There are 2 protein chains.
Amino acid sequence: MLQVSRKFEYGLHAVTYLATKGFGRVVTVKEMADEIGYSQEFLSKAMQSLKRAGIAISVQGVKGGYTLGRATTDITVADIAIAIEGKPHLVRCGVKADSCEIFSSCHHRDYMNTLQHKIQDLLASTTIHTLLQEIEQ
Amino acid sequence: MLQVSRKFEYGLHAVTYLATKGFGRVVTVKEMADEIGYSQEFLSKAMQSLKRAGIAISVQGVKGGYTLGRATTDITVADIAIAIEGKPHLVRCGVKADSCEIFSSCHHRDYMNTLQHKIQDLLASTTIHTLLQEIEQ
DNA sequence: GAAAATAGGGTTAAAATAATCCTATTTAAT
DNA sequence: ATTAAATAGGATTATTTTAACCCTATTTTC
(Lines give C-alpha, C1' and ligand atoms only; values in the text may rest on other atoms or scores of the structure.)
Protein backbone atom coordinates (compact mmCIF):
# COMPACT_ATOMS: atom_id res chain seq x y z
CA MET A 1 0.00 0.00 0.00
CA LEU A 2 2.21 2.72 1.25
CA GLN A 3 4.96 1.28 -0.80
CA VAL A 4 6.87 3.64 -2.98
CA SER A 5 8.37 2.34 -6.20
CA ARG A 6 12.10 2.21 -6.59
CA LYS A 7 11.93 4.57 -9.51
CA PHE A 8 10.24 7.14 -7.32
CA GLU A 9 12.89 6.61 -4.69
CA TYR A 10 15.56 7.14 -7.34
CA GLY A 11 13.87 10.34 -8.40
CA LEU A 12 13.47 11.74 -4.92
CA HIS A 13 17.03 10.87 -4.01
CA ALA A 14 18.32 12.49 -7.18
CA VAL A 15 16.37 15.66 -6.49
CA THR A 16 17.65 15.94 -2.93
CA TYR A 17 21.15 15.21 -4.20
CA LEU A 18 20.93 17.97 -6.80
CA ALA A 19 19.48 20.27 -4.16
CA THR A 20 22.44 19.80 -1.86
CA LYS A 21 24.83 20.41 -4.74
CA GLY A 22 23.39 23.86 -5.13
CA PHE A 23 21.10 25.44 -7.67
CA GLY A 24 22.51 25.59 -11.17
CA ARG A 25 25.29 23.07 -10.64
CA VAL A 26 25.17 20.51 -13.47
CA VAL A 27 25.69 16.92 -12.35
CA THR A 28 26.01 13.85 -14.54
CA VAL A 29 23.92 10.76 -14.08
CA LYS A 30 27.13 8.80 -13.66
CA GLU A 31 28.21 10.93 -10.73
CA MET A 32 24.84 10.57 -9.05
CA ALA A 33 24.64 6.84 -9.67
CA ASP A 34 28.14 6.34 -8.28
CA GLU A 35 27.59 8.49 -5.22
CA ILE A 36 24.15 7.22 -4.43
CA GLY A 37 24.76 3.63 -5.44
CA TYR A 38 21.98 3.18 -7.98
CA SER A 39 21.91 1.66 -11.43
CA GLN A 40 23.06 4.34 -13.84
CA GLU A 41 20.68 3.31 -16.60
CA PHE A 42 17.63 3.17 -14.42
CA LEU A 43 18.45 6.44 -12.71
CA SER A 44 18.82 7.89 -16.19
CA LYS A 45 15.21 6.97 -16.96
CA ALA A 46 14.06 8.62 -13.77
CA MET A 47 15.98 11.78 -14.68
CA GLN A 48 14.38 11.83 -18.10
CA SER A 49 10.96 11.71 -16.45
CA LEU A 50 11.91 14.52 -14.08
CA LYS A 51 13.14 16.55 -17.02
CA ARG A 52 9.89 16.13 -18.95
CA ALA A 53 8.06 17.43 -15.89
CA GLY A 54 10.34 20.45 -15.63
CA ILE A 55 11.65 19.37 -12.25
CA ALA A 56 15.10 18.95 -13.72
CA ILE A 57 16.81 20.61 -16.65
CA SER A 58 19.10 18.60 -18.87
CA VAL A 59 22.25 19.79 -20.58
CA GLN A 60 23.31 17.55 -23.43
CA GLY A 61 26.77 16.93 -24.74
CA VAL A 62 30.14 16.41 -23.12
CA LYS A 63 29.80 18.82 -20.23
CA GLY A 64 26.19 17.85 -19.84
CA GLY A 65 24.14 16.56 -16.98
CA TYR A 66 21.20 17.61 -14.91
CA THR A 67 20.37 20.46 -12.61
CA LEU A 68 17.18 21.42 -10.82
CA GLY A 69 14.57 23.09 -12.96
CA ARG A 70 13.21 25.25 -10.18
CA ALA A 71 13.71 26.10 -6.55
CA THR A 72 13.25 23.41 -3.92
CA THR A 73 10.43 25.50 -2.49
CA ASP A 74 8.63 24.93 -5.76
CA ILE A 75 9.09 21.16 -6.08
CA THR A 76 6.73 18.95 -4.15
CA VAL A 77 6.90 15.25 -3.46
CA ALA A 78 3.68 14.92 -5.44
CA ASP A 79 5.39 16.56 -8.43
CA ILE A 80 8.06 13.89 -8.36
CA ALA A 81 5.61 11.05 -7.88
CA ILE A 82 3.44 12.17 -10.76
CA ALA A 83 6.42 12.90 -13.02
CA ILE A 84 7.74 9.42 -12.49
CA GLU A 85 4.68 7.26 -12.10
CA GLY A 86 1.95 9.30 -13.68
CA LYS A 87 -1.34 10.12 -12.07
CA PRO A 88 -2.37 7.39 -9.68
CA HIS A 89 -5.56 5.49 -10.35
CA LEU A 90 -6.55 4.23 -6.97
CA VAL A 91 -10.00 2.93 -7.64
CA ARG A 92 -10.15 -0.51 -9.15
CA CYS A 93 -13.64 -1.65 -8.29
CA GLY A 94 -14.09 -5.20 -9.48
CA VAL A 95 -17.37 -4.36 -11.15
CA LYS A 96 -17.75 -2.04 -14.09
CA ALA A 97 -20.18 0.76 -13.48
CA ASP A 98 -22.70 -0.29 -16.11
CA SER A 99 -22.81 -3.88 -14.93
CA CYS A 100 -22.77 -3.02 -11.25
CA GLU A 101 -26.20 -3.60 -9.77
CA ILE A 102 -25.56 -1.65 -6.64
CA PHE A 103 -23.74 1.18 -8.31
CA SER A 104 -26.08 3.93 -7.23
CA SER A 105 -25.89 2.89 -3.60
CA CYS A 106 -22.23 1.90 -3.64
CA HIS A 107 -19.93 4.62 -2.41
CA HIS A 108 -16.75 2.62 -2.69
CA ARG A 109 -15.40 4.83 -5.45
CA ASP A 110 -16.09 7.87 -3.34
CA TYR A 111 -14.21 6.43 -0.39
CA MET A 112 -11.25 5.54 -2.53
CA ASN A 113 -11.22 8.92 -4.20
CA THR A 114 -11.41 10.65 -0.86
CA LEU A 115 -8.42 8.66 0.31
CA GLN A 116 -6.54 9.39 -2.86
CA HIS A 117 -7.10 13.10 -2.51
CA LYS A 118 -5.97 13.06 1.09
CA ILE A 119 -2.70 11.38 0.17
CA GLN A 120 -2.30 13.58 -2.88
CA ASP A 121 -2.85 16.73 -0.85
CA LEU A 122 -0.34 15.60 1.72
CA LEU A 123 2.35 14.98 -0.87
CA ALA A 124 1.49 18.17 -2.70
CA SER A 125 1.97 20.14 0.50
CA THR A 126 5.38 18.63 1.13
CA THR A 127 8.04 20.54 -0.76
CA ILE A 128 11.62 19.38 -1.13
CA HIS A 129 12.63 22.46 0.79
CA THR A 130 10.58 21.54 3.83
CA LEU A 131 11.62 17.92 3.59
CA LEU A 132 15.28 18.93 3.72
CA GLN A 133 14.65 21.30 6.58
CA GLU A 134 12.67 18.92 8.73
CA ILE A 135 15.69 16.67 8.95
CA GLU A 136 18.46 19.05 9.88
CA GLN A 137 16.67 19.95 13.08
CA MET B 1 3.46 5.16 -5.72
CA LEU B 2 0.14 6.15 -4.36
CA GLN B 3 -1.19 2.90 -5.63
CA VAL B 4 -3.16 0.81 -3.24
CA SER B 5 -3.08 -2.96 -3.66
CA ARG B 6 -6.21 -4.79 -4.65
CA LYS B 7 -6.17 -6.77 -1.46
CA PHE B 8 -6.26 -3.52 0.51
CA GLU B 9 -9.11 -2.33 -1.66
CA TYR B 10 -10.94 -5.59 -0.96
CA GLY B 11 -10.38 -5.11 2.74
CA LEU B 12 -11.53 -1.51 2.82
CA HIS B 13 -14.58 -2.29 0.73
CA ALA B 14 -15.47 -5.21 2.97
CA VAL B 15 -15.16 -3.06 6.08
CA THR B 16 -17.36 -0.31 4.69
CA TYR B 17 -19.83 -2.96 3.53
CA LEU B 18 -19.98 -4.52 6.99
CA ALA B 19 -20.30 -1.05 8.47
CA THR B 20 -23.35 -0.24 6.38
CA LYS B 21 -24.90 -3.57 7.32
CA GLY B 22 -24.86 -2.52 10.93
CA PHE B 23 -22.75 -3.51 13.90
CA GLY B 24 -23.12 -7.16 14.91
CA ARG B 25 -24.73 -8.35 11.70
CA VAL B 26 -22.87 -11.46 10.50
CA VAL B 27 -22.25 -11.54 6.74
CA THR B 28 -20.77 -14.39 4.72
CA VAL B 29 -17.83 -13.94 2.36
CA LYS B 30 -20.03 -15.27 -0.41
CA GLU B 31 -22.62 -12.55 0.12
CA MET B 32 -19.96 -9.85 0.12
CA ALA B 33 -18.18 -11.24 -2.91
CA ASP B 34 -21.44 -11.46 -4.84
CA GLU B 35 -22.63 -7.99 -3.89
CA ILE B 36 -19.31 -6.30 -4.36
CA GLY B 37 -18.18 -8.32 -7.34
CA TYR B 38 -14.88 -9.62 -6.03
CA SER B 39 -13.28 -13.04 -6.11
CA GLN B 40 -14.66 -14.98 -3.18
CA GLU B 41 -11.42 -16.78 -2.41
CA PHE B 42 -9.28 -13.69 -2.48
CA LEU B 43 -11.74 -11.69 -0.42
CA SER B 44 -11.67 -14.58 2.02
CA LYS B 45 -7.91 -14.12 2.50
CA ALA B 46 -8.42 -10.42 3.10
CA MET B 47 -11.06 -11.18 5.71
CA GLN B 48 -8.75 -13.60 7.45
CA SER B 49 -6.14 -10.85 7.69
CA LEU B 50 -8.71 -8.42 9.06
CA LYS B 51 -9.77 -11.02 11.58
CA ARG B 52 -6.21 -11.58 12.83
CA ALA B 53 -5.93 -7.84 13.37
CA GLY B 54 -9.18 -7.74 15.34
CA ILE B 55 -10.83 -5.50 12.77
CA ALA B 56 -13.33 -8.23 11.98
CA ILE B 57 -14.66 -11.09 14.04
CA SER B 58 -15.32 -14.44 12.43
CA VAL B 59 -18.07 -16.86 13.23
CA GLN B 60 -17.41 -20.36 11.98
CA GLY B 61 -19.89 -22.98 10.96
CA VAL B 62 -23.10 -22.96 8.98
CA LYS B 63 -24.49 -19.66 10.23
CA GLY B 64 -21.00 -18.21 10.17
CA GLY B 65 -19.48 -15.19 8.52
CA TYR B 66 -17.86 -11.95 9.53
CA THR B 67 -18.85 -8.89 11.44
CA LEU B 68 -16.89 -5.84 12.53
CA GLY B 69 -14.64 -6.32 15.53
CA ARG B 70 -15.03 -2.82 16.82
CA ALA B 71 -16.80 0.45 16.13
CA THR B 72 -16.07 2.31 12.90
CA THR B 73 -14.79 5.18 15.01
CA ASP B 74 -12.09 2.82 16.19
CA ILE B 75 -10.96 1.43 12.85
CA THR B 76 -8.55 3.52 10.83
CA VAL B 77 -7.47 3.16 7.23
CA ALA B 78 -3.96 2.53 8.56
CA ASP B 79 -5.28 -0.38 10.62
CA ILE B 80 -6.64 -1.99 7.48
CA ALA B 81 -3.51 -1.32 5.46
CA ILE B 82 -1.23 -2.80 8.10
CA ALA B 83 -3.52 -5.75 8.75
CA ILE B 84 -3.52 -6.64 5.09
CA GLU B 85 -0.08 -5.66 3.88
CA GLY B 86 1.99 -5.51 7.01
CA LYS B 87 4.13 -2.60 8.07
CA PRO B 88 5.43 -0.73 5.06
CA HIS B 89 9.14 -0.58 4.47
CA LEU B 90 9.55 2.52 2.40
CA VAL B 91 13.28 2.93 2.40
CA ARG B 92 15.11 0.76 -0.05
CA CYS B 93 18.39 2.62 -0.46
CA GLY B 94 20.46 0.84 -3.05
CA VAL B 95 23.50 0.83 -0.83
CA LYS B 96 23.80 -1.09 2.39
CA ALA B 97 24.69 1.08 5.35
CA ASP B 98 28.03 -0.57 6.04
CA SER B 99 29.16 -0.32 2.44
CA CYS B 100 27.77 3.17 1.89
CA GLU B 101 30.62 5.65 1.78
CA ILE B 102 28.44 8.68 2.21
CA PHE B 103 26.21 7.19 4.85
CA SER B 104 26.97 9.73 7.54
CA SER B 105 26.21 12.64 5.25
CA CYS B 106 23.34 10.98 3.39
CA HIS B 107 19.94 11.84 4.73
CA HIS B 108 17.97 9.89 2.19
CA ARG B 109 16.71 7.43 4.79
CA ASP B 110 15.60 10.33 6.92
CA TYR B 111 13.67 11.87 4.07
CA MET B 112 11.99 8.60 3.24
CA ASN B 113 11.14 7.93 6.86
CA THR B 114 9.73 11.40 7.23
CA LEU B 115 7.53 10.81 4.22
CA GLN B 116 6.47 7.43 5.51
CA HIS B 117 5.44 8.88 8.83
CA LYS B 118 3.47 11.62 7.19
CA ILE B 119 1.48 9.13 5.15
CA GLN B 120 1.12 6.80 8.09
CA ASP B 121 -0.16 9.60 10.30
CA LEU B 122 -2.65 10.64 7.67
CA LEU B 123 -4.08 7.14 7.32
CA ALA B 124 -4.03 6.62 11.07
CA SER B 125 -6.09 9.77 11.50
CA THR B 126 -8.70 8.66 8.99
CA THR B 127 -11.26 6.42 10.64
CA ILE B 128 -13.85 4.45 8.75
CA HIS B 129 -16.46 6.52 10.51
CA THR B 130 -15.12 9.80 9.17
CA LEU B 131 -14.58 8.28 5.72
CA LEU B 132 -18.24 7.25 5.59
CA GLN B 133 -19.38 10.63 6.83
CA GLU B 134 -17.31 12.73 4.47
CA ILE B 135 -19.19 11.20 1.56
CA GLU B 136 -22.82 11.58 2.57
CA GLN B 137 -22.44 15.33 2.61
C1' DG C 1 -24.17 -37.22 9.41
C1' DA C 2 -24.70 -33.63 5.90
C1' DA C 3 -24.18 -29.07 4.57
C1' DA C 4 -22.38 -24.46 4.86
C1' DA C 5 -19.26 -21.74 6.49
C1' DT C 6 -14.30 -20.14 7.96
C1' DA C 7 -8.93 -21.41 8.03
C1' DG C 8 -5.17 -21.76 5.68
C1' DG C 9 -1.26 -24.10 3.04
C1' DG C 10 0.56 -24.41 -1.44
C1' DT C 11 0.86 -23.70 -6.33
C1' DT C 12 0.17 -21.36 -10.61
C1' DA C 13 -0.89 -17.28 -13.52
C1' DA C 14 -0.72 -12.64 -14.54
C1' DA C 15 0.85 -8.14 -14.07
C1' DA C 16 3.91 -4.68 -12.68
C1' DT C 17 8.48 -3.33 -11.79
C1' DA C 18 13.26 -3.19 -12.54
C1' DA C 19 17.17 -3.99 -15.25
C1' DT C 20 19.57 -4.36 -19.40
C1' DC C 21 20.74 -3.71 -24.21
C1' DC C 22 21.30 -1.01 -28.04
C1' DT C 23 21.36 2.98 -30.98
C1' DA C 24 20.75 7.90 -31.87
C1' DT C 25 21.68 12.60 -30.87
C1' DT C 26 24.04 16.46 -28.86
C1' DT C 27 28.07 19.11 -27.74
C1' DA C 28 32.84 20.28 -26.00
C1' DA C 29 37.50 19.69 -26.90
C1' DT C 30 41.26 18.65 -29.74
C1' DA D 1 36.32 16.92 -38.86
C1' DT D 2 36.89 13.60 -35.36
C1' DT D 3 36.51 11.83 -31.01
C1' DA D 4 34.66 11.36 -26.57
C1' DA D 5 31.25 12.10 -23.09
C1' DA D 6 26.97 12.97 -22.14
C1' DT D 7 21.60 12.76 -22.59
C1' DA D 8 17.27 10.48 -25.21
C1' DG D 9 14.75 6.90 -25.65
C1' DG D 10 12.93 2.47 -27.85
C1' DA D 11 12.84 -2.37 -27.10
C1' DT D 12 13.57 -6.45 -24.73
C1' DT D 13 14.37 -9.48 -20.86
C1' DA D 14 14.42 -10.70 -15.98
C1' DT D 15 12.68 -10.35 -11.57
C1' DT D 16 9.42 -9.54 -8.22
C1' DT D 17 4.98 -8.79 -6.66
C1' DT D 18 0.27 -9.46 -6.88
C1' DA D 19 -3.70 -12.02 -7.77
C1' DA D 20 -6.01 -16.18 -8.55
C1' DC D 21 -6.83 -20.80 -7.89
C1' DC D 22 -6.81 -25.52 -5.88
C1' DC D 23 -7.39 -28.41 -2.24
C1' DT D 24 -8.09 -30.06 2.41
C1' DA D 25 -9.17 -29.33 7.31
C1' DT D 26 -12.06 -27.57 10.85
C1' DT D 27 -16.16 -25.70 12.88
C1' DT D 28 -20.99 -25.51 13.68
C1' DT D 29 -26.03 -25.77 12.69
C1' DC D 30 -29.76 -28.57 11.45
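From a predicted model like this one, the values you see are computed outputs, not experimental measurements. Lettering follows sequence order; numbering is per chain, from 1.
- Close to D/dT18, at under 4.0 Å from its OP1 or OP2, lies no side-chain N or O of B/Tyr10.
- Near DNA chain C, defined here as any heavy-atom distance below 4.0 Å, there are no residues from residues 18-27 of chain B.
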For this session: Start with the C-alpha gap between B/Thr114 and A/Thr126, add the side-chain angles, then the distance that decides, and say whether side-chain contact (heavy atoms from CB on, under 4.5 Å) holds.
Result: CA-CA 10 Å; B/Thr114 300; A/Thr126 306; over 6 Å; no
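- In this structure, CD of B/Glu41 is placed 9 Å from C1' of D/dC23, rounded to the nearest angstrom.
- In this structure, B/Ile84 atom CD1 and D/dT18 atom P are separated by 13 Å, rounded to whole Å.
- For DNA chain C, the neighbouring residues in residues 43-59 of chain B, judged by any heavy atom under 4.0 Å, are B/Lys45, B/Gln48, B/Lys51, B/Arg52, B/Ser58, B/Val59.
- Of the candidate nucleotides C/dA5, D/dA5, D/dT28, D/dA5 has the atom nearest to the side chain of A/Val62.
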For this session: Determine, step by step, whether B/Thr72 and B/Thr16 satisfy the side-chain contact (heavy atoms from CB on, under 4.5 Å) criterion, reporting the C-alpha distance in whole Å, the side-chain angles of both residues, the deciding distance to 0.1 Å, and the verdict.
Result: CA-CA 9 Å; B/Thr72 54; B/Thr16 59; over 6 Å; no
Problem set entry | Check against side-chain contact (heavy atoms from CB on, under 4.5 Å), B/Ile84 and B/Leu50 | CA-CA 7 Å; B/Ile84 283 193; B/Leu50 293 178; 4.2 Å; yes
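- Counting to the nearest Å, the P atom of D/dC21 and the OH atom of B/Tyr38 are 15 Å from each other.
- Using a 4.0 Å cut-off between a side-chain N of Lys or Arg and a carboxylate O of Asp or Glu, B/Lys118 and A/Glu134 qualify as a salt bridge.
- B/Tyr38 and B/Tyr10 have parallel rings, their planes meeting at less than 30° on a 0 to 90° scale where 60° marks the start of perpendicular.
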For this session: Check the pair A/Lys30, A/Asp34 against side-chain contact (heavy atoms from CB on, under 4.5 Å), reporting the backbone distance first and the verdict last.
Result: CA-CA 6 Å; A/Lys30 184 176 188 313; A/Asp34 285 350; 3.1 Å; yes
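- Taking atom NZ of A/Lys7 as the reference point, atom P of D/dG9 lies 12 Å away to the nearest angstrom.
- Within the 4.5 Å cutoff, the side chain of A/Leu68 has no heavy atoms near those of the A/Ile128 side chain.
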List, one per line, each side-chain donor-acceptor pair under 3.5 Å for residues 53-60 of chain B, sequence neighbours excluded.
none

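- A donor atom on one side chain and an acceptor atom on the other are not found under 3.5 Å apart for B/Gln40 and B/Ser44.
- Across D/dT28, C/dA29, D/dA6, the shortest atom-to-atom separation from the side chain of B/Gln60 is found for D/dT28.
- Closest to the B/Lys63 side chain, of the nucleotides C/dT27, C/dT6, D/dC30, is D/dC30.
- Distance, A/Phe42 CZ to C/dC21 C1': 15 Å, rounded to whole Å.
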